[in-house]
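As structure tokens, the structure follows; a few thoughts come after it.
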Amino acid sequence: MRYLKSTLLAGLMLLAGPLLAQSKIYLEPRLGVGTFSMKSMKEFQEMVIEELEVNAKAVDNYGPYFQYGFNVAKSLNEDDRVGLFLERGSTGGRVAYKDYSGEVQVDTKLRYTSLGAFIYTLNPIKESEVKFIRGIEASLFFSKLKLESYSRIYSQSASSTEKFNSLGFGFKPFVGLQYPLFDMPTTLSLGYMLNASGAFHVPGDSDQYLVRNKYGSEKLEPSWSGLRLNLSVAFPIFKHK
Amino acid sequence: MKQLILPFLMALVCLLFSCDYSPSGKHFEEIDPEPQIVAAISLNAQQDTVLVRGGTLLKFEVSMLGHKTFGYQIRFDKWVLEEAEGLPDDLWFVSTQFPDGYYTLQLAVLTTSGTGSLADKYKLEAAEVYRTWVVYIDNTPASPIAISSITPEDGRLKIEWQPYKRKVLNKFELYRSKNGYNRELLATFTNPAHTSWIDSTYVGGPVTYDVITYPDAYSYNRTYGPAYAYHLPLPSIAQSTFDKDNNLILSFNASPLYNNVKHYELSYTNGMHSESITVTDTVASFQDPGFGSNLELKLYTYPNIQPKNWSNNQAYTKTTVPGYGTAWGPYAGTLVPSPLTNLIYSFSYDYLKIIDASTLKVTHERDIRNLQGISPGITKTVLSKNGRQLYSLLNGVIHKLDPATLQTVETFSIWELLGTSSYSGLSLSAVSDNSRLLVTTINTWNYTSKVHVVDMALKKVVADATLTSYPPEAKISPDGNALKVGTTVLTAQADGSWQALSMSEQDKAALAFHPIKPWYAVKRSNSITFYAIASGAVERSVTTEAALTSYEIDAESGYLYGFANGMLYVYNIGTGQLKRKLKMAPSGTAFLYKNRIYSQDRYISL
């Protein structure tokens, strides 16, 4: 996996080379917030609740959370920009139960690192400095699941942590507005991430995967699909003469 | 300024890289930690105190209503009889390894607490559910139950015994037996508090009651209580009288067990005749049973409820009720009246007796036991009508006896008299007043007899005749001149020869000689006609009410008496008048002597 990531990164850099050669290059830190469908993970929580045989509840079920990363962008012309980006995001769920005799807590911590490319077009809105943008992003998703369980009955407790990986890809159309704040193009965009991922499996062994129901018929996979609100500020790092 | 923003933002992004989402939230469930268990534990023994003897099967039933169980323990006082996972199966408990006494039996089931808590779900929170029984072990043999009293009560028989004090009892049984056998189970009890029973089938007689105790289901484990003998005499005849019409009036003692008695039955059998009557009162009467014999009366008492092996023979009393008339004797054997000497002779196989007809006492007696032998229908002692000639066959020798003392006057050997010994039996059939003795030799191989008329004075056979009927019947007239042997009738002629009398076969068969007069009598249906032996002229004739089957003439009174249809008829030959008609007892016999009618043991006036 690490090898794959390095290869992709090298590929993007190679692609960036000609772009850098002929246009203005920006480094854009990006910060966003997103929602996550996580349908499969929610079913997994239900299975956990069922297997616990007590009145446990899913007290946290993959709520919205921040994403952060940075873009490297280049203007193709006056209106179009392309770039590469690296983003990281996370969410999580918890099934919890507690009574006088003890407690159970099953946390599913999910994290992804995505590496992708984007392209968007700028359209000035009349005479103002605000520009309307629209574009798309395509990316690879490297997801990690950390399954942490903890139980205690009276004074006896037990805990375990297990890690699983999953590989997927995403596609996000988006629209937004750009405004030169302090002379730095600042973009606020809203998009919808369409994500598909493979099953969570034991790192290095994709045959040992997780399932999301008792009968083992359906695989457990993350679904990062959801709305994305993103803010980025562009800093020119090269000026091509 | 702008130059600072980029590093700042990049630093922020890097900082955020270490700020992944952290799940949060709690859920606390309010649960009552008190165990909620609805369970039912039961044992096949119904009572809280389980009585045990020997081995017993303990069948536990446990219902935990959805609770999971971990295991169980069957505890017996300080011991653990069984311990296992799951639920208990049947347990064969052998009590003999423990001394008799009280113990505690407990079944404890370890189960989930039922609180619904996490610990409960993961079986880390358990509750013990148990039920306790008291066990009483008794392995010593049952104590005997003794009957304490038996008394008639309210017309029934009440049997009481001491209560069974021990706790372990399967059953006890009350038995009645008669004469040590005929053991009959009357009742079975399982409640030890039962101490009495009403015997509704007992009506009297000697019996014993006892109780057998069974502490368990094994019939060989039993204890016999002591036998209690009881005897309430059966009802019996208390009084018997004859009214003026000779009807027999009887009264008897009623049973004090009046509620057990259904009715009484009185019966008697006399010869071929039997009679019985059912009575509910204690007084009964039989119509004139006839003269001449005592009555063997049986009084049966019938119970309302008949016991299983009931037999009539079980409940009767026998009473001999004397027939009517004045008692005399009684004398066994043949009674031969001799009116002319005022004596009555009794000839039996054992004794010859002379009875004074006035006092009715025995004046002389001769023991002839084992001298004559017993041959029914064969006479071996004969007396002439005038009472002067008495002969008896003793040990095959003819003895001439003194009719006044019964002593032997003279003896005669058969060989000496008849000159023959080719016979198998001997009989003396009759003797005339002038000592003509009829000696009959019998050949039993063809039952042909020869009657020899022996003049005992001359010791000479004067006539003989052959007889084919058996037993041999031969008669001689008192004067010795007429003879009837079967259907042959001979009369002596002046020249000493004998001539057959000509008459019909029927007349010959029914011919009899008058005891005094030289007459013979012939019975034809309802008339008896007397003829002179010498001339054959009719002397007298009597018409009888019924055709007499047998008849005699009393030498003293000259009356003719005979029997027909169970009645005795007495006629005056002179006038032909019926003097007496008397109902005879079926097995009764009678003879007329002067003015009395005698049976073997009673007499009445004519």
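Chain letters run A, B, ... following the sequence lines, proteins first and then strands; every chain starts at 1.
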Check your understanding: So, A:K109 and A:E162, do they make that salt bridge, N to O below 4.0 Å?
Key -> no
Point to revise | With A:E28, the side-chain hydrogen bond (donor to acceptor under 3.5 Å, both in side chains) member among A:N71, A:T186, A:T187 | key: A:N71
**Study point:** Segment of A:L52 engaging chain B (4.5 angstrom heavy-atom cut-off)
**Key:** both
Review point. Checking B:E125 against chain A: side chain, backbone, both or neither under 4.5 Å from a heavy atom?
Key: side chain
Point to revise | Top of A:E103, A:Q105, A:E53 for chain B proximity - count of heavy-atom pairs under 4.5 angstrom | key: A:E53
Check your understanding: Between A:K42 and A:E46, is the closest basic N to carboxylate O distance under 4.0 Å?
Key -> no
Exercise for review: State whether B:D216 and B:K171 are salt-bridged, where the test is any N-O pair (Lys NZ or Arg NE/NH1/NH2 against Asp/Glu carboxylate O) under 4.0 Å.
Suggested key: no
**Study point:** Of B:T56, B:I74, B:L57, B:L105, the residue whose pairing with B:F93 passes side chain to side chain contact (heavy atoms under 4.5 Å, CB included)
**Key:** B:T56
Review point. What part of A:S151 is in contact with chain B, defined as an atom under 4.5 angstrom from a non-hydrogen atom: side chain, backbone, both or neither?
Key: neither
Study note, to complete from the structure: Under 4.5 Å to a heavy atom of chain B? For A:E148 that would be neither
Review point. Taking every heavy-atom pair that is under 4.5 Å apart, which of A:V104, A:L110, A:T91 has the most such pairs with chain B?
Key: A:T91
Point to revise | Check: B:Y102 ring centroid to B:Y136 ring centroid under 6.0 Å | key: yes
Point to revise | Which of A:A58, A:A96, A:A56 touches chain B most, by non-hydrogen pairs under 4.5 Å | key: A:A96
Practice item. Please determine, among B:A119, B:G116, B:S24, the option with the most heavy-atom pairs under 4.5 Å with chain A. Key: B:S24
